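Notes for the one structure printed next.
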Amino acid sequence: MLDWYPIFLKEMLQFKRKLLRLGYIFSAMMAPIIYLITFGLGLGRTVTLSGGVDYLTYLFPGLVAMSSMNNSYSWVASTLNLSRLYFKTFQIYIQAPIHPLSIMIGEVLAGMVKGLFASLLILFVGLFLPSGFKINEIFVLALLLNCFMFASLGVITGMITKSHEDTATYSNFFIMPMAFFSGTFFSIERIPHVFKPFIYVMPLTHTNILIRKNFLDTEAVLSLFAVLFYCFFFFILGYLLIKKYNE
Amino acid sequence: MILINNLSKSYGKVKALDSLNLEIKKSEIFGLLGPNGAGKTTTVKILTNLTKPESGLCYIDGINVLKYPQEVKKIIGVVPQENNLDRELTVYENLLIYGMLHKVKSLKKRIEEILSIMELTEKKNAIVNTLSGGFQRRVLLARALLPEPKVMFLDEPSIGLDPHIRRELWQIIRKIKIEGRTVLLTTHYIEEAEALCDRVGILFHGRLIALGTSAELKKNVGEYVVEFFNENGEFISEVCHSREEAYEIAKKRNNGVTLRKSNLEDVFVKLTGERIRKIER
């Protein structure tokens, strides 16, 4: 039952070593802080939102979602790609008498921890900002599901990419547009109708809807189901890719 | 202990293995010898579940490798050609993770034991990246031995090591045999195959072209070798079945003739015909 634990432990040992190099913490915080300053404190002062919400309060949960997505996804995709193609450490898992599902669980949990850690750093910065943002149960649920969803997507990318450069390509084509067009910086209501179907297909859109809710209304429930669907879909696909591993 | 039946595998248009048949006995060190691309690593990858063949069957200790991979994984240890230790982790952490993956009982005690056997106790807390190539190879062996596997796969275990370290490694491999384990060793070092293997199989373009003990193989192709430069300045190496035959060839040459006993490289050259075409009588 606990076959996933050595995989998770290995990732955590490596993560701990990276944390001890302080550069990691600063680099993980850098992009969200730049966005906070530029969009929140800079441009944000000129933005007025319906319902009297100040822009920083609107932006902050989106930045947490974006940061958790980036870190959960990139860490898993990148380390899996490198360990599979260059360091060949992934082969140790394949040659061990454990179920492929355990490999998937270990990788996803490790990705979640990395995503949550980056989110906690942003939340820490948020303590010092003049916003009306408050954490509630829906926020926590959305954050956890978002980390799970993108760590699972990271496994898929890590398993299908044929070189490390491919990881950056996937990131540029899927993750980067999602970060900007899924309601992180501005409401998706402002996007022209013709593009909306594409926006609603993006998983982060639904996390952004959910993470800003104070209670589960119809829109939140629909987004929750969408996130749960993506979590399931990405997880199963990642698991099948590990199961079908063949050099 | 290992049985391979008609195993074939292609990578695109390249045939890596072409109907390979092989039987490896219990407690023997079997050497798969061949040049790069002969199919040695592909054979190991199939037997250790990293890749699937197009056709054929293979069994380890009576277990069908393709049908029951999880059962096979419990009884094998692998030292891959490429160093796949976690380089940012310590020696101990590498062994710990591997031991947990293989559900080794009394793991901490077993790690201490294997560290002591492999003379790695002092390096226990060293980050793998800081170790020399020789020590890293030793850690790879220690890791593979940790779950006490019945069958060991050593894929080019001494590649890139200097001769002194290579000989140290050979001692360790001999110890593995004494413990009663079956070893499948791939190498393209003739000297290594001769020094370690009870039997040798020569692979060439995915086909097994020779099988037997080193002595048998040499006897089959000829135990004596005459080497000289011909009139065009080309290096000629002729394998002969008898000393008399070798003397006859040597006598026809005026100078620069070397007469020696054959080795597995001569067997390989003779069987593959790679250099044999140059021989002129």
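In this text, all values refer to a predicted model and were calculated from it rather than measured experimentally. Residue numbering restarts at 1 for every chain, and letters A, B, ... go by the order of the sequence lines.
- Contact residues of residues 59-74 of chain A toward chain B are absent (heavy-atom distance under 4.5 Å).
- Interface remark: B/Thr42 contributes no atoms to any contact with chain A (heavy atom separation under 4.5 Å).
- The choice from B/Arg143, B/Lys73, B/Lys74 that makes the most heavy-atom pairs within less than 4.5 Å of chain A is B/Lys73.
- Checked for salt-bridge contact, A/Lys16 and B/Glu88 miss the test: no charged N lies under 4.0 Å from a carboxylate O.
- By the neighbour-count criterion of 12 heavy atoms within 6.0 Å, atom NZ of A/Lys18 is densely surrounded, having more than that number from other residues, nucleotides or ligands.
- What you find for A/Tyr245 and B/Lys52 is that their closest heavy atoms are O-NZ, 3.3 Å.
- No donor-acceptor contact under 3.5 angstrom links the side chains of B/Asn84 and A/Thr89, judged on distance only.
- Considering only heavy-atom pairs separated by less than 4.5 Å from chain A, the leading option among B/Glu82, B/Arg87, B/Glu71 is B/Glu82.
- With a threshold of 4.5 angstrom between heavy atoms, B/Asn83 approaches chain A through N, CA, C or O but not through any side-chain atom.
- Residues of residues 136-160 of chain A never come within less than 4.5 angstrom of chain B, heavy atom to heavy atom.
- For B/Lys45, the part lying under 4.5 angstrom from a heavy atom of chain A is the side chain only.
- With a 4.5 Å cut-off on non-hydrogen atoms, B/Ile127 touches chain A through its side chain but not through its backbone.
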Problem set entry | Residues B/Glu93, A/Arg17; criterion salt bridge (Lys or Arg N to Asp or Glu O under 4.0 Å); working and verdict | CA-CA 12 Å; B/Glu93 287 165 346; A/Arg17 295 242 149 76; 2.9 Å; yes

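- Heavy atoms of other residues, nucleotides or ligands lying less than 6.0 angstrom from NZ of B/Lys150 number 12 at most.
- Counting heavy atoms from C-beta on, the side chains of A/Leu13 and B/Ile97 come closer than 4.5 Å.
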